[in-house]
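See structure below.
Given the structure is predicted, the values throughout are model-derived calculations rather than measurements. In this chain, numbering begins with 1 at the start of the sequence shown.
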Amino acid sequence: MARESAVDQFLTELPCLAEPYRARLQGINKTIRLEWGSHVAFIHLEDGSVRVTKSYDEYPSCIIHTKEGVLLGVIRGKTTPMEALLFGNVRVYGDVNLLLNLCSMQ
């Protein structure tokens with residue numbers, strides 16, 4: 001069986017990591033498509049809760065595309081989402097504020 005990557009581990013833990021931010025996420029009902037390399041995950045912000053899936057039938061509110069190394073840097077706090085955006089290491093289509101919400105849940 002393949003070893004779980006650091007990104008996959010983060011995405012698995014994301015619902016629990018987001019729990020302290022539940023009140024701040026109230027009223028947000030959006031889906032983020034996160035693309036890194038050839039991998040894709042969907043992060044669903046659903047009125048205070050967070051859920052991660054591998055597929056989604058509708059068009060997401062936001063698409064975030066980056067390389068795995070950049071994503072790991074943001075997850076680990078070695079770079080900020082704003083730095084990644086300003087240096088062109090992340091492409092965002094749709095609502096940019098969703099990227100900031102996702103990264104603040106670490």
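By the side chain to side chain donor-acceptor pair (under 3.5 Å) test, Thr79 pairs with Glu83, sequence neighbours left out. Residues satisfying the side chain to side chain donor-acceptor pair (under 3.5 Å) criterion with Arg91, sequence neighbours excluded, are His65, Tyr93. With sequence neighbours left out, Glu13 forms a salt bridge (charged side-chain N to carboxylate O under 4.0 Å, His left out) with no residue at all.
Between Cys16 and Pro20, the closest heavy-atom pair is O-CD, 3.8 Å. Between Pro60 and Thr31, the shortest heavy-atom contact is CB-O, 3.4 Å. When every heavy atom of Val92 is checked against every heavy atom of Leu85, the shortest pair comes out as CG2-CD2, 3.5 Å. Taking every heavy atom of both residues into account, Pro15 and Thr12 meet most closely at CD-O, 3.5 Å.
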Practice prompt. Dump the intermediate steps for side chain to side chain contact (heavy atoms under 4.5 Å, CB included) on Leu34 and Leu71, then the final yes or no.
Written response: CA-CA 10 Å; Leu34 179 61; Leu71 183 56; 4.0 Å; yes
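Side-chain heavy atoms closer than 4.5 Å link hydrophobic residues (I, L, V, M, F, W, Y) into clusters, and following such links, even through other members, never connects Phe42 to Ile75. Residues Ile28 and Ile43 fall within the same hydrophobic cluster, defined by Ile, Leu, Val, Met, Phe, Trp and Tyr side chains chained together at heavy-atom separations under 4.5 Å. Both Tyr56 and Val40 are members of a single hydrophobic cluster when ILVMFWY side chains are connected at heavy-atom separations under 4.5 Å. When the side chains of ILVMFWY residues are joined at heavy-atom separations under 4.5 Å, either directly or via intervening members, Val70 and Leu14 end up in a single hydrophobic cluster.
In this structure, the side chains of His39 and Val7 stay at 4.5 Å or more apart for every pair of heavy atoms. Residues Leu17 and Phe10 have side chains in contact (heavy-atom distance under 4.5 Å, counting atoms from C-beta outward).
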Distance-only donor-acceptor hits, side chain of residues 46-53, under 3.5 Å, sequence neighbours excluded:
unit_1 : atom_1 : unit_2 : atom_2 : d
Glu46  : OE1    : Arg51  : NE     : 3.2
Glu46  : OE2    : Arg51  : NE     : 3.3
Glu46  : OE2    : Arg51  : NH2    : 2.7
Asp47  : OD1    : Gly27  : N      : 2.6
Ser49  : OG     : Glu46  : O      : 3.1
Thr53  : OG1    : His44  : NE2    : 2.8
Thr53  : OG1    : Ser55  : O      : 2.9

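Screening residues 52-69 for salt bridge (Lys or Arg N to Asp or Glu O under 4.0 Å), with sequence neighbours left out, gives Asp8-Lys54.
Rounding to the nearest 0.5 Å places CD1 of Ile32 at 4.5 Å from CG of Leu45. From Ser5, atom OG reaches atom CG of Leu11 across 8.0 Å, with rounding to the nearest 0.5 Å.
Under a 4.5 Å side-chain heavy-atom cut-off, the cluster of Ile, Leu, Val, Met, Phe, Trp and Tyr residues that includes Phe87 has no other member.
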